[in-house]
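Order of the sequence lines sets the chain letters (A, B, ...), proteins ahead of strands, with each chain counted from 1.
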Amino acid sequence: MFSFIVRRILVSIPLLFLASFIAFILVVNTGDPLEDLRTKQNVPKGQIALQEHRLGLDKPFFERYFSWLGHAIHGDWGRTVKDKAVWDQISRSLGVTLKLVVFAEICSVLIGVTIGIISAVKQYSWFDHGATTGSFLLYSLPVLAVGSFLKFFLAIRLNRLLGREKNPLLKTIGESTANFCNVRKPQNCGFIPATTDFLTHAALPTLTLVLITFAGYARFARATMLETLNADYVRTARAKGLDEKRVILKHAFRNALIPVVTVVSIDFGGLIGGAILTETIFEWKGMGRVLVDAVTKVDPNLLLCWFAVTAIAVVLFNLVADILYAVLDPRIRL
Amino acid sequence: MNDEVAPILSVKDLTVEFPTDDGVVRAVRGISFDVRPRDVLGVVGESGCGKSVSSMAIMGLLPKSARITGSIKFRDRELIGLKPKEMRAVRGRQIAMVFQDPMTAMNPVYRVGWQLGEAIKAHNKHFDKKQIRSRSIELLNMVGIPQASTRVDNYPHEFSGGMRQRVMIAMAIANNPDVLIADEPTTALDVTVQAQILEMLIDLKDQLDAAIVLITHDLGVVAGITDRMQVMYAGKVVESGTAEDVFYTPRMPYSIGLLGSIPVHTQDPGAGARLKPIGGAPPSLINVPPGCPFSPRCPLSDGTLCETVDPPLLRVGPGHLAACHHSDKLAAMEDPLRLFSAVAE
Amino acid sequence: MTDHPPIPKPEPASDISEEILLDTLADHDSIEREFTVEQRTQWKTIARRFSRHKPAMVSLVVFTLLVLFAFVGPFLWKFKYDQVLKKPAGASNDWIRPSWTHPFGVQKGYDVLALVMRGTQYSIRIALVVVVLSVTFGVIVGAVAGYFRGGVDNALMRFTDLMLVIPYLAAVAALQRNVKGSTWLYLSFFLAMFAWMGIARVIRGEFLSLREKEFVEAARSVGASAPRIIFRHILPNTIGPIIVNATLAVGAAVLGEAALSFLGLGVKPPDTSLGKIIEVGKGKATTYPNEFWWPVLVLCLISLTINFIGDGLRDAFDPKQNRVRA
Ligand SMILES: Nc1ncnc2c1ncn2[C@@H]1O[C@H](COP(=O)(O)OP(=O)(O)O)[C@@H](O)[C@H]1O
Ligand SMILES: [Mg+2]
């Protein structure tokens with residue numbers, strides 16, 4: 001097991017280096033970070049040169065890359081165009097995004113897999129038809145539409161229904177109320193009010209993510225379960241005279257678990273960069289916002305760190321997927 | 001022969017149909033047969049003729065979409081229409097089954113001991129862990145797995161195909177069934193292993209006092225080890241009788257055609273030239289045309305009667321039945337086995 | 001979990017090729033002739049199965065109408081997308097609301113229906129370019145990797161892994177940032193660069209199994225060249241997965257483009273797209289809903305119909321309900 005993990009890590013490292021190099025090429029070609037400064041009137045040449053030097057723009061390409069890489073390996077992600085620490089900004093946004101996506105993903109997996117299994121076991125029942133149609137529709141709907149519908153349509157109506165138009169229960173903007181806790185409102189500073197505030201903000205974006213995500217898992221779990229339910233070993237299990245519950249759980253589900261767990265863990269790797277649209281619709285200051293800012297304002301170090309964090313997450317969870325696969329399937333030799 | 005003994009398993013007019021998008025597949029179209037205690041019944045026919053479907057019907061393992069009519073009696077108890085719980089008590093206990101492909105028939109994620117234990121526990125709720133384990137090892141020994149006491153902790157993928165089929169057989173005999181259905185148990189195996197497995201099956205039959213239904217598409221497999229044989233074609237039984245009847249005095253051209261597909265290793269020097277495989281393919285089981293289903297491939301087809309009337313299964317000798325309008329012509333032929341090559345010449 | 005369109009996941013291999021093969025193998029002497037005959041009846045069966053999939057058939061009609069709406073509509077509709085409209089004399093302020101003259105209403109002096117038609121046209125155009133490029137490239141990579149195996153396969157698959165590690169929305173956004181001029185065409189190229197990996201994996205899998213089949217051995221033994229075996233013998237057997245994946249890729253491309261443009265990182269004026277119109281309209285979703293909800297609706301329709309068509313095609317090529325055990 002241990003050597004298996006080490007081997008897999010050793011394969012991942014060159015992959016990450018290559019990815020970082022490609023990301024660097026992309027970032028270098030995004031544009032000129034000092035475009036604003038250059039087009040502005042009355043900016044002394046010296047100041048531009050100073051900024052160029054600070055951001056390393058005056059160095060040749062490879063030198064720039066290796067200098068960035070050297071620092072990054074030591075955890076120094078550099079500074080933004082505005083001369084702030086990149087890591088501060090990334091870690092803050094990462095926290096915001098994780099609060100949204102992790103909970104939503106767990107809900108989606110639990111709901112989706114449960115529905116998928118029931119659908120498969122009761123194939124062609126009304127439940128199966130309903131769940132299949134419903135998840136097909138949700139799976140096919142763009143997140144733009146689902147999110148906008150919840151924000152512009154459902155939230156307003158629900159708040160009105162609850163008689164809370166002035167102080168809406170379902171918040172549609174941001175991840176928390178601005179200035180929620182300060183000297184003049186000390187009652188807001190406890191754990192409970194802060195959590196409540198967060199939940200009222202998180203409800204709709206979470207719902208958006210769950211709606212568009214669980215459907216995919218339901219479809220996948222159903223298809224996988226149908227396959228294992230039709231497998232020869234399930235027929236063997238029935239031929240032994242086992243009861244249906246045992247056949248389904250111990251045989252069909254246990255085998256369906258292998259691909260499901262793999263897919264779920266791979267998906268976890270995509271979470272960080274995976275909610276960009278939802279964050280944008282509900283105006284959360286998460287990783288999506290950082291990406292849009294870093295691209296539009298051409299902030300090379302910020303963008304590079306963004307790429308690095310998301311790519312590392314992808315590689316890491318691919319590794320987790322491989323390990324879980326090996327744990328769940330004795331045919332894989334470690 | 002023990003015709004006077006009451007059958008332990010008796011199938012009457014069994015039909016199985018599957019509604020599909022392309023039409024109703026009539027996989028089994030009215031078959032009847034009896035299995036007597038300690039009998040070995042060989043069932044032969046080309047692949048797709050309904051052998052597996054009939055055995056799954058007996059096991060009650062067909063998908064829900066299947067429409068089953070007729071009667072399947074085990075010791076005078078009707079199995080069709082049994083409640084799922086009652087049927088579970090029969091499966092694996094009274095009637096057990098060995099499947100074709102041992103590579104896929106075992107659950108890849110559990111150790112073979114676990115899977116054997118599960119079969120034992122299903123019908124012996126009172127067994128404790130230790131009893132189950134020692135019984136599992138005993139079963140593995142019975143089917144000739146070397147070092148059974150350590151092999152019991154291996155996963156299926158750690159066994160060769162032949163060894164896996166032995167484990168499958170061990171699972172099937174775990175509860176001393178009265179009838180063991182072996183559906184092409186050697187088809188997926190190496191030729192060298194096939195004989196060993198068959199030999200072991202026959203051995204076990206004597207040890208266990210069980211009847212065996214041996215299904216195959218290869219007449220060579222059943223030659224010499226079955227008491228009775230029945231030949232199936234397009235969902236029907238077209239000939240049945242003792243092994244000698246079918247081998248030496250076949251009364252249905254299809255049986256002769258099947259003989260042609262046996263690899264030749266007989267002493268008879270003329271056999272290789274005499275036997276020729278049948279050309280063509282069996283009919284689709286959706287919209288089966290009227291008449292004898294074999295007539296399009298049959299050298300004896302008269303083009304009129306054969307294509308309009310499906311021949312009934314009639315007695316052509318003591319305990320020997322055949323479904324052919326022209327079985328008398330075969331009886332009159334000096335060497336019926338030459339039928340197919342004679343036409344080709 | 002992604003809230004933007006996923007890169008299509010590899011589909012399980014279809015059985016169709018097997019069916020064709022088994023039938024073909026019945027006659028060794030005339031492999032190629034039999035093949036075409038078999039194939040013709042096979043296509044008929046596929047068309048029949050597809051036509052029985054009602055949602056797919058309805059979707060095909062709706063999608064065709066959408067294409068006509070996008071490409072023919074602008075010629076027939078009385079207002080042009082860039083035609084500035086003035087409030088007609090004597091009309092009330094309600095003239096900008098949906099009416100017989102302006103079914104989708106008027107926004108800042110433009111006819112919204114004309115805008116949406118043009119946006120739909122760009123969205124579909126972009127998606128088609130993306131799919132043609134990415135499917136061609138993906139099929140070539142997959143075929144070469146699966147056919148030659150060994151080092152070639154290893155290198156190509158590591159490259160595929162690498163491309164999958166790079167977050168594609170961010171990458172395309174970074175590439176697109178600097179583009180001036182024909183932004184939609186560049187955007188299509190960039191999207192295609194990050195959309196070929198799924199199909200490459202599918203085709204590789206198909207090739208890995210097909211190359212072991214007897215008819216390939218036969219072709220090889222009579223000295224057929226590698227390109228001939230790849231294109232004449234193996235590729236035709238992978239047509240099912242290619243068509244299904246390409247169809248689904250259309251939907252993914254439309255949504256990917258919409259996502260980028262919605263973020264303000266996609267097409268730039270004078271080009272447009274559904275995502276772009278939605279982005280412009282999002283601030284006024286409650287006050288001036290027309291400019292926002294109509295393009296959202298069209299986007300939903302495209303995504304739904306494409307998915308249904310893909311589903312129907314998959315069922316037609318790989319009919320699970322007819323699959324039986326031997
Ligand atoms: N679940 C099913 N649905 C539809 N057709 C089936 C099903 N199972 C078997 N069949 C059909 O029934 C026929 C007999 O199959 P089978 O009994 O498996 O043949 P074999 O004699 O080779 O064991 C075949 O034509 C097969 O296609
Ligand atoms: Mg069979």
> Nearest heavy-atom pair of B/Leu61 and A/Ala239: which atoms, and what distance?
Replying inline: CD1-CB, 3.9 Å

> Without hydrogens or angle criteria, can the side chains of A/His251 and B/Glu118 be said to hold a donor-acceptor pair below 3.5 Å?
Replying inline: yes

>> Quick check on B/Asp76: does its CG atom have over 12 non-hydrogen neighbours (other residues, nucleotides or ligands) under 6.0 Å away?
In response: no

>> Using a 4.5 angstrom heavy-atom cutoff, name the option from B/Pro84, B/Ala119, B/Pro177, B/Gly60 with the most pairs to chain A.
In response: B/Ala119

>> What residues of residues 156-175 of chain B make heavy-atom contacts with chain A at a cutoff under 4.5 angstrom?
In response: B/His157, B/Met168, B/Met171

>> Does atom CZ (A/Phe127) have a neighbourhood of more than 12 heavy atoms from anything else shown, all under 6.0 Å?
In response: yes

>> Are there residues of residues 86-97 of chain B whose heavy atoms fall under 4.5 Å of chain A's heavy atoms? If so, which?
In response: B/Arg88, B/Arg91, B/Gly92

>> To the closest 0.5 Å, what do you measure between CG (B/Asn107) and CG (A/Asp232)?
In response: 11.5 Å

>> For a 4.5 angstrom cut-off between non-hydrogen side-chain atoms, does B/Val109 reach A/Asn255?
In response: yes

> So, do A/Arg235 and B/Phe99 sit near enough that their side-chain heavy atoms are less than 4.5 Å apart?
Replying inline: yes

>> I'd like to know if the side chain of A/Thr236 reaches the main chain of B/Met106, judged simply by a donor and an acceptor atom lying under 3.5 Å from each other, with no hydrogens or angles considered.
In response: no

>> Does A/Phe317 have more than 12 heavy atoms from other residues, nucleotides or ligands lying within 6.0 Å of its CZ?
In response: yes

>> As an exercise, state the distance from NZ of B/Lys121 to CG of A/Leu242, rounded to the nearest 0.5 Å.
In response: 12.5 Å

> Tell me, side chain or backbone of A/Leu328 under 4.5 Å from chain B's heavy atoms, or both, or neither?
Replying inline: backbone

> Quick one: does A/Lys240's side chain have a donor or acceptor within less than 3.5 Å of a partner on B/Gln115's backbone?
Replying inline: yes

>> Minimum heavy-atom separation for A/Gly241 and B/His123, please, with both atom names.
In response: CA-NE2, 4.1 Å

>> Within a 6.0 Å radius of atom CD on A/Glu244, are there more than 12 heavy atoms belonging to other residues, nucleotides or ligands?
In response: yes

> Mind checking whether A/Tyr124 and B/Lys64 have side chains closer than 4.5 Å, heavy atoms only?
Replying inline: no

